[in-house]
Amino acid sequence: MSTALHRLKALLRPEQLLVRPEQLAAYESDGLTAFRQRPLAVAVPETGDEVIALVRLCHELKLPFVARGSGTSLSGGSLPVAGGVVITLNRLNRILRLDPAQRIAVVQPGVINTAVTVAAAPHGLHYAPDPSSQSICTIGGNVAFNSGGAHCLKYGMTSNHVLGIKAVLATGEVVEWGGVSRENVGPDWCGLFTGNEGLFGIALEITLQLLPKAECFHTVLAGYCTLEQAGDAVSAVIASGLLPGAIEIMDALALEAAVAAVHAEYPTGAAAVLIVELEGPREVVAVDRVRLDEIIAASQPLESRPARDAEERLAIWKGRKSAFSAVGRLSPDFIVQDGVVPRRRLGEALRRIGEMSQEVGIRVANVFHAGDGNLHPLILFNGRVAGDLERAEQLAGRILRMCVEMGGSLTGEHGIGVEKNNFLPDMFSAAEIDCLNRLRDAFDPLGIANPGKMFPRAEAPVLTQHGLHPLEKAGLISRE
Amino acid sequence: MNPTLTPANAVELAEAVRATPRVLAVGAGTKPRLSAVSCPKLSTLKLNGMIEYEPSEFTFTALAGTPVRDIAATLAECGQYLPFDPMLADAGATLGGTVSSGLSGPGRFRFGGLRDFILGVQFVDGAGRIMRLGGKVVKNAAGFDVPKFFVGSLGRFGVLTEITFKVFPAPASRLTLLLAASEIGSALKILTTASSARWEIEALDWLPDASSVAVRLGGPAPALATLAQEILRRWPGRILPVAEADALWAGLREFERTPARPQGQEKTSLIKVALAPENLPAFHESLAALPDARAHVSAGGNVAFVTVADGTEVTVLDQQLSAQKLAALTLRGASPLWLGARPNFKITAAVKVALDAGNRFPGLDD
């Protein structure tokens, strides 16, 4: 047995260290199932002190480590490193404090995203970031990858809701930044740490801001003959001065999947469906909804349908949120992309995606956060057909490059991970990547924290096709 | 007298940085304590102007030396605004100085502070390299969030040359209420209750006269009138006429109600304290023991701007803040730059090396 394993065993109870192949198998991959790697061991700490001891040991032994929550990363953020240890944080799952007067929650990294909102709900509060995997993903993972969701235009991403962080850095140093206050003096360390993709260290306690739950919603679903018309409707809503909580579009292929999966009732014959949701005090929504309804009516939809009650609203969102896993019914395999384009270029971006799709003969379904220009093209392929995966990967790469060329971003919310690290030079200059590298070295001079992620590598990782994630097949999580 | 360099663009600025062994960037000098370091200064005032503004994108990019007042005026022409009420706009504060000082005004209560609206930066590091990190779109998760790190960094890690922000459509109308709150108990009750209420308040401040809480609502006028009546049924107070309300918020934004004299002639210091509602009782008690101290408690009890007499009073305040584990920053006056609790981690020095290996810019403690 290796020295590393001996030392790891000395830190934990036997059942907290997984080493047998059948135990390790479950940790070989995450939400990006095309990548797979067996680690040396999986450590299952139960306290913050155990995490600190593990990281300090890794530092001493120069042993690579990968922190993992529920393993829902879509950019391969928690893909293990060969010969390294996976530190799984699911047992650090306590909400340490929930204080309605300060409107904050202090949580351990393994707390599930929705658990925060569930705990806050009795006080009329909620935790705003809502990635589609929110019923299973952890706050630690959300912090590491600065997760988004459907409400980012108005409420921002995870980073905008993190007030304080206690973390163990890759050097073993334990830091505490920020706290209960929504304000801060000095550099914004919490801002720098959030979205570090596991390259700086492991968050042990996170202070989150909670917001009052909106009193009233007005959710409209409208079907259009063309994607462009739906895009024009979004522009009209934005130009009106309204600030909707969410603006989402699904194209025909995504609609087909959603209808098949959850029997969602969408306007028949629509090439695109738009969902716009207003929220706020009932008196404000009462005024704003009149304007929204006028704008939608003027946008010449095939049909438009406001949700009449909470049940209808939930049905609209259920169809939207199930679209991703539903696409699994249309195709044995798919890749989810996560690029961002300036909103005014959405129509152009979708047209070009359509052209590229036809050119290579690979179908693409589109579901996207139209309010913030965040595209999620779902690239459908069959891994059993020789060359299909490679063609799908190439198409995904072309779409990403197009996003950057248009002045957008490689990723809106999934992160770079192992999926997009070779595209980083498309967005940043050598000097800029060098600067990011120096920052990484400051936090992790030995390069042991989640190595191989974010930064371009000389060798491509092994790409294999394993189909949908089991939880995805079961409809429990979706890729978004 | 130290010389002041005045580059006209990012390339000249980078050259000036490379040519000067020790230098600190300054904007309009509205928070003079932040740059009260003896070294040559690099003025960003010639880096002035909006570079890109796409109202349909809810984003703009401006040069760092652009006065926030000018930006606010340009945004207002298109019905948009920076929701965090940039401080000292009328005094001429620049966008870069606002980011570097990490100051947000009363409006930060509803949608978040400056840190929640900054999207991307172009900056010059300690080696004189020009770089751009973050993005120009409202949603972006690529690379480390260096733009956020620059918020509150006081120009000690790099010089900002261009900054991209997210903006929002401005509310159709505003309405301000003044609620009676002459002691800490009633003020705290209003702050914490109103923070969680359904009204979606824009700004919630306990005023420096310590006798009232100001509540600002934003939205369609008929809706605000109804919400205001509901608030007034709960607590005694009145609706302020528009001109009076505008003057109130402008006064708070410009520190007129907590004035301090210009650097060099000061007898008092203006200090920002980060705190939470739970800290207010002890904090209030500390201030009560200082005869010349006054505080504007903003953002629902999450920040206080304090004026305090230099000398003994500052020393006492510093001790009290440390005891309460609160951190504070002096914006104007002769007080030490940092007051109260200030944990020091090794990573701070390591990040300084990453961005400014040669210590060309002063350190946070200089």
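Please read all numbers here as calculations on a predicted model, not as lab measurements. Chain A is the first sequence line, chain B the second, and so forth, proteins listed ahead of strands; every chain is numbered from 1.
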* **Working for side-chain contact (heavy atoms from CB on, under 4.5 Å), residues A:L153 and B:V138** => CA-CA 7 Å; A:L153 178 65; B:V138 293; 4.1 Å; yes
Relative to chain B, which segment of [X] carries a heavy atom at a distance below 4.5 Å: side chain, backbone, both, or neither?
| X | value |
| --- | --- |
| A:N437 | neither |
| A:A286 | neither |
| A:T411 | both |
| A:F193 | neither |

Got a second to check how far [X]'s [atom1] is from [Y]'s [atom2], nearest 0.5 Å?
| X | Y | atom1 | atom2 | result |
| --- | --- | --- | --- | --- |
| A:F443 | B:I347 | CZ | CD1 | 4.0 Å |
| A:L375 | B:K139 | CG | NZ | 10.5 Å |
| B:D116 | A:Q209 | CG | CD | 7.0 Å |
| A:R103 | B:N302 | CZ | CG | 7.0 Å |
| B:L103 | A:E183 | CG | CD | 8.0 Å |

Using modelled atom types and a 3.5 Å cut-off, is there a donor and acceptor pairing between side-chain atoms of [X] and backbone atoms of [Y]?
| X | Y | result |
| --- | --- | --- |
| A:E173 | B:F345 | no |
| A:E283 | B:L227 | no |
| A:R182 | B:G112 | no |

* **Residues A:R344 and B:E57 bridged, charged N to O under 4.0 Å** =>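 Between B:E57 and A:R344 there is a salt bridge, with a charged N closer than 4.0 Å to a carboxylate O.
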* Asked: Is A:E176 paired with B:K325 through a side-chain N to carboxylate O contact shorter than 4.0 Å?
  ->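 Judged by the 4.0 Å cut-off on N to carboxylate O distance, B:K325 and A:E176 do not form a salt bridge.
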At a 4.5 Å cut-off on heavy atoms, which part of [X] comes close to chain A: side chain, backbone, both, or neither?
| X | result |
| --- | --- |
| B:D125 | side chain |
| B:K166 | side chain |
| B:R132 | both |
| B:E54 | side chain |
| B:A328 | backbone |
| B:S195 | both |
| B:A197 | backbone |
| B:F109 | side chain |

* Assess A:R440 against B:F144: is NZ or CZ under 6.0 Å from the centre of the six-membered ring, and within 45 degrees of the ring's axis? =>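 No, cation not above the ring by the 6.0 Å, 45° rule.
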* Asked: What do the steps show when you test A:L436 against B:L133 for side-chain contact (heavy atoms from CB on, under 4.5 Å), and what is the final call?
  -> CA-CA 9 Å; A:L436 295 174; B:L133 291 170; 4.0 Å; yes
* side chain to side chain contact (heavy atoms under 4.5 Å, CB included) with A:V185: which of B:V303, B:L326, B:L329, B:V273? ->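 Single pass found, and it is B:L329.
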* Residue pair B:K272 / A:N184: nearest heavy atoms and the distance that separates them ->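 Heavy atoms only, the tightest pair is NZ-O, 2.9 Å.
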* Asked: So do the side chains of A:K154 and B:F111 get within less than 4.5 Å of each other, counting heavy atoms only?
  ->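 They are in side-chain contact.
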* **4.5 Å side-chain heavy-atom contact, A:V284 and B:E200** =>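 Of all side-chain heavy-atom pairs linking B:E200 with A:V284, none is under 4.5 Å.
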